[in-house]
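Below you'll find the structure, written out as structure tokens, and then a few comments.
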Amino acid sequence: MKTTRHATYNLNYHIVWLPKSRRTDSSADIAEQGSAQYRQSVLVNEVASRVKTILHEIADDKGVEILDLTVQPDHVHLFVSSPPKNEPALLANWFKGISSRKYNHRYADHDGEKIGWARGYYAGTAGHVSSETVENYIQEHKGGDS
């Protein structure tokens, strides 16, 4: 249990989101990419490490505890504990928006690659999400950014 001045709480959220698609103009590339609908695995190696660091910085700045963080090549899975004043939508907006801005400010000029996040996210409370639910969300949303 955790406490604030006015509340005792144990609120934990799973938040999952995807990187924005990168599209190519070549029809051969599009055919080769198939059902992935242009989705690339961009969150790898140094990019994944940088994203993790930035997400931890955001959590520290906002007073949110990261319980688990997994940056996969095609999605981010964040498990956080947060005070009641922070609704899941706010948490998702913080982590997605701030991380994109910080990453692009720090590294886009150096590497030439920007990070952007697809619209939307999955949010679930602790105890009510399975890996199958998260996997279904990722598979359903790989096709586009809407």
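Note: hydrogens, waters and symmetry copies are ignored here, and every other heavy atom, side chains too, is used.
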- Message: Give me the atom names and distance for the closest heavy-atom approach of Leu43 to Ala48.
- Response: O-CB, 3.6 Å

- With side chain to side chain contact (heavy atoms under 4.5 Å, CB included) as the test, would you mind laying out the steps for Ile54 and Tyr107 before giving the verdict? CA-CA 12 Å; Ile54 290 170; Tyr107 305 111; 4.2 Å; yes

- Query: Would you say the side-chain atoms of Asp74 and Ser41 include a donor-acceptor pair closer than 3.5 Å?
  - Reply: no

- Item | Asn104 to Lys114 - nearest heavy-atom pair and separation | OD1-CA, 3.1 Å

- Contacts of Arg106 meeting salt bridge (Lys or Arg N to Asp or Glu O under 4.0 Å) (sequence neighbours excluded), chain-then-number -> Glu57

Quick one: side chains of residues 89-98, donor-acceptor pairs under 3.5 Å with protein atoms, not counting sequence neighbours, listed by atom name and distance.
unit_1, atom_1, unit_2, atom_2, d
Asn93, ND2, Ala89, O, 3.2
Lys96, NZ, Ala118, O, 2.8
Lys96, NZ, Gly120, O, 2.8

- Val76: which of Leu55, Val16, Ile15 passes side-chain contact (heavy atoms from CB on, under 4.5 Å): Leu55

- Query: Can you find a heavy atom in the side chain of Ser99 that is under 4.5 Å from one in the side chain of Ile58?
  - Reply: yes

- Message: What I'd like to find out is whether the side chain of Trp117 reaches to under 4.5 Å of the side chain of Lys20, using heavy atoms alone.
- Response: no

- Query: How far apart are the closest heavy atoms of Pro88 and Ala123, and which atoms are they?
  - Reply: CB-CB, 4.2 Å

- Backbone of Asn45 reached by a side-chain donor or acceptor of Ser49 within 3.5 Å: no

- Message: Restricting to non-hydrogen atoms, name the atom on Tyr13 and the atom on Ser82 that form the minimum distance, rounded to 0.1 Å.
- Response: CE1-CB, 4.3 Å

- Cluster link Val42 to Tyr103, ILVMFWY, side chain under 4.5 Å: yes

Side-chain donor/acceptor pairs under 3.5 Å, residues 60-70, sequence neighbours excluded:
unit_1, atom_1, unit_2, atom_2, d
Glu65, OE1, Lys2, NZ, 2.8

